[in-house]
Number of protein chains: 2
Amino acid sequence: MAELSTTSDVPVATIKYYLREKLLPAGESETANQARYGSPHLDRLRLIRALIDVGGLSIASARSVLEVIDSDASLPETFAVAQHSVSVAIEPSDLDPADLDRIDELLVGWHVSPNNPGRLASARVLSAFRGVGQTDDRGWFARYAEAALLIATADLDEIESRPDRAAKVETVVVGTVLGDALISGLRRAAQEHVTSERFS
Amino acid sequence: MAELSTTSDVPVATIKYYLREKLLPAGESETANQARYGSPHLDRLRLIRALIDVGGLSIASARSVLEVIDSDASLPETFAVAQHSVSVAIEPSDLDPADLDRIDELLVGWHVSPNNPGRLASARVLSAFRGVGQTDDRGWFARYAEAALLIATADLDEIESRPDRAAKVETVVVGTVLGDALISGLRRAAQEHVTSERFS
DNA sequence: CGCATACGGATAGTATAGCTATCCGATAGT
DNA sequence: ACTATCGGATAGCTATACTATCCGTATGCG
């Protein structure tokens with residue numbers, strides 16, 4: 001365990017914590033006070049840190065996506081779990097139906113289930129926009145939807161390019177969780193670029 | 001204050017907390033135990049809740065963006081504060097320069113300063129991707145960058161359409177903070193759409 | 001006038017999350 | 001034989017975002 005700690009740069013106490021929380025499977029006990037941790041454990045630990053540190057997942061969310069990776073769930077099932085894990089739960093009841101309608105207008109022609117977490121989250125954002133007195137510019141949001149479609153298409157192309165089911169499932173999870181961080185980051189870089197272009 | 005609480009649906013104790021934390025300016029005291037809160041206070045309170053609940057900002061981050069809204073900062077300065085507030089601080093020193101190079105390759109032709117929080121965050125995501133054994137597919141990330149540019153252009157168009165500096169500054173902040181939530185939400189909807197298109 | 005009620009402000013307490021430090025008995029190396 | 005280290009269990013810590021209680025003042029109502 002000490003070796004796992006030094007190679008992964010994660011404190012021993014934290015590794016023990018992840019074991020307790022069932023994020024990391026126990027190493028195989030060799031004697032009563034010695035366990036063996038191999039490269040699968042190291043890989044898993046790196047995945048955990050990526051999900052938590054970079055993706056911002058909670059311990060509980062990380063556990064549920066790791067469980068789905070270990071299971072034999074289908075790709076759509078995996079997507080559902082991954083999406084749920086990165087979204088804050090929203091009660092459809094405390095959402096203005098008008099906001100949902102507006103989102104559905106943006107998504108015409110899209111095949112999206114009514115309780116898709118993204119649909120609900122988008123409606124909540126729209127509601128917040130209106131609440132702070134922003135005019136809700138259809139054109140603005142429509143361009144976001146266009147960009148979202150580009151990204152999702154790129155995601156699915158990438159997933160399909162993976163050789164087997166296990167690799168596909170891991171890409172679904174990693175892509176969903178880290179993709180959010182990536183698009184946010186690139187968006188900030190692009191904002192600075194476009195700003196400097198227009199205010200120079 | 002009780003009235004402000006009922007119309008905004010924020011508990012009185014929480015309003016007092018925001019006053020203490022200097023997120024909300026005090027109402028003007030009418031007598032020793034009575035203060036007056038008007039619609040500017042209600043607007044501000046709604047903005048605070050949007051930033052915290054929907055945008056996921058911490059109290060400290062919310063305070064710094066509210067301060068910049070109240071100040072007479074320029075648009076680029078406002079952008080910098082808003083971007084900083086939604087990003088986790090990253091030490092450039094614990095980043096692999098190779099990852100930064102790869103990000104810069106994606107951003108050729110863009111005018112982005114070396115310590116743009118988005119640039120650093122993107123490099124960290126790239127590092128995490130490699131760490132979990134994903135092949136870093138240039139095409140995938142390039143399509144993200146393209147989408148990011150679309151979004152940033154839409155953001156700047158929207159900001160320019162605002163009538164005066166105060167409105168522009170508020171749109172910078174609200175757009176930066178809530179825009180992240182919006183693109184994430186729409187991306188999930190788009191993922192379900194594209195998935196169902198391909199697996200039906 | 002009297003007094004229960006409500007007010008705003010100050011202070012202390014609470015719940016949760018994510019670690020982190022200490023203790024413990026067993027065992028491995030010298 | 002003995003000291004250091006191991007893994008496991010348990011308790012403690014820190015930060016964040018509230019939440020509840022207390023308190024002196026003042027207002028409305030009879």
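Proteins get letters first, then strands, A, B, ... in listed order; numbering begins at 1 in each.
- The number of heavy-atom neighbours closer than 6.0 Å to CG of B:Asp9, taken from other residues, nucleotides and ligands shown, is 12 or below.
- Enclosure of atom CG in B:Asp72 is not indicated, since only 12 or fewer non-hydrogen atoms of other residues, nucleotides or ligands lie within 6.0 angstrom.
- For B:Ala2, the side-chain atoms get nearest to C:dC7 when compared with the rest of C:dG8, C:dA21, C:dC7.
- The residues B:Asp94 and B:Arg124 are annotated as not salt-bridged, no charged nitrogen and carboxylate oxygen being separated by less than 4.0 angstrom.
- One N or O on the side chain of B:His193 and one on the backbone of A:His111 form a donor-acceptor pair closer than 3.5 Å.
- For the pair A:Ser184 and A:Arg187, the minimum side-chain heavy-atom distance is 4.5 Å or more.
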Show me the donor-acceptor pairs, under 3.5 Å and distance only, between side chains in residues 163-176 of chain A and residues at least two apart or in other chains.
from, atom 1, to, atom 2, distance (Å)
A:Asp164, OD1, A:Ala167, N, 2.9
A:Arg165, NH1, A:Ala73, O, 2.5
A:Arg165, NH2, A:Ser71, O, 3.2
A:Lys168, NZ, A:Glu160, O, 3.4
A:Lys168, NZ, A:Arg162, O, 2.9
A:Thr171, OG1, A:Arg162, NE, 3.0
A:Thr171, OG1, A:Ala167, O, 3.0
A:Thr171, OG1, B:Gln134, OE1, 3.0
A:Thr176, OG1, A:Val172, O, 2.7

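- The stretch residues 57-68 of chain A comes close to DNA chain C through A:Ser58, A:Ile59, each having a heavy atom under 4.0 Å from the strand.
- Note on A:Leu149: it clusters hydrophobically with A:Leu106, by side-chain heavy-atom contacts below 4.5 Å among ILVMFWY residues.
- For the segment residues 35-45 of chain A, the set of residues with a heavy atom within less than 4.0 Å of an atom of DNA chain D comprises A:Ala35, A:Tyr37, in numerical order.
- Residues A:Ile59 and A:Tyr18 are in side-chain contact: their nearest non-hydrogen atoms beyond the backbone lie under 4.5 Å apart.
- Although no hydrogens or angles enter the test, the distance criterion places no donor-acceptor pair under 3.5 Å between the side chain of A:Gln83 and the main chain of A:Gly118.
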Original post:
Going through the distances and angles, do A:Arg143 and A:Asp137 end up as a salt bridge (Lys or Arg N to Asp or Glu O under 4.0 Å)?
Top reply: CA-CA 10 Å; A:Arg143 291 164 81 180; A:Asp137 186 318; over 6 Å; no
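- Using a 4.0 Å cut-off between charged nitrogen and carboxylate oxygen, A:Arg138 and A:Glu105 count as a salt-bridge pair.
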Find every protein N or O atom lying less than 3.5 Å from an N or O atom of nucleotides 25-29 of chain C, and list the pairs.
from, atom 1, to, atom 2, distance (Å)
C:dA26, N3, A:Asn33, ND2, 3.3
C:dT27, O4', A:Asn33, ND2, 3.1

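- The shortest non-hydrogen separation linking B:Val65 to B:Ser85 is CG1-OG, 3.3 Å.
- Residues from residues 16-26 of chain B lying near DNA chain C, meaning a heavy-atom separation below 4.0 Å, are B:Lys16, B:Arg20 in numerical order.
- Using a 4.0 Å cut-off between a side-chain N of Lys or Arg and a carboxylate O of Asp or Glu, B:Arg44 and B:Asp70 qualify as a salt bridge.
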**OP:** Would you please test B:Arg188 and A:Asp155 for salt bridge (Lys or Arg N to Asp or Glu O under 4.0 Å) and show each step?
**Re:** CA-CA 11 Å; B:Arg188 296 192 212 318; A:Asp155 289 339; over 6 Å; no
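- The outermost nucleotides of DNA chain D lying under 4.0 Å from heavy atoms of chain A, listed 5' to 3', are D:dC6 to D:dT10.
- Within 6.0 Å of CZ on B:Arg198 lie more than 12 heavy atoms contributed by other residues, nucleotides or ligands.
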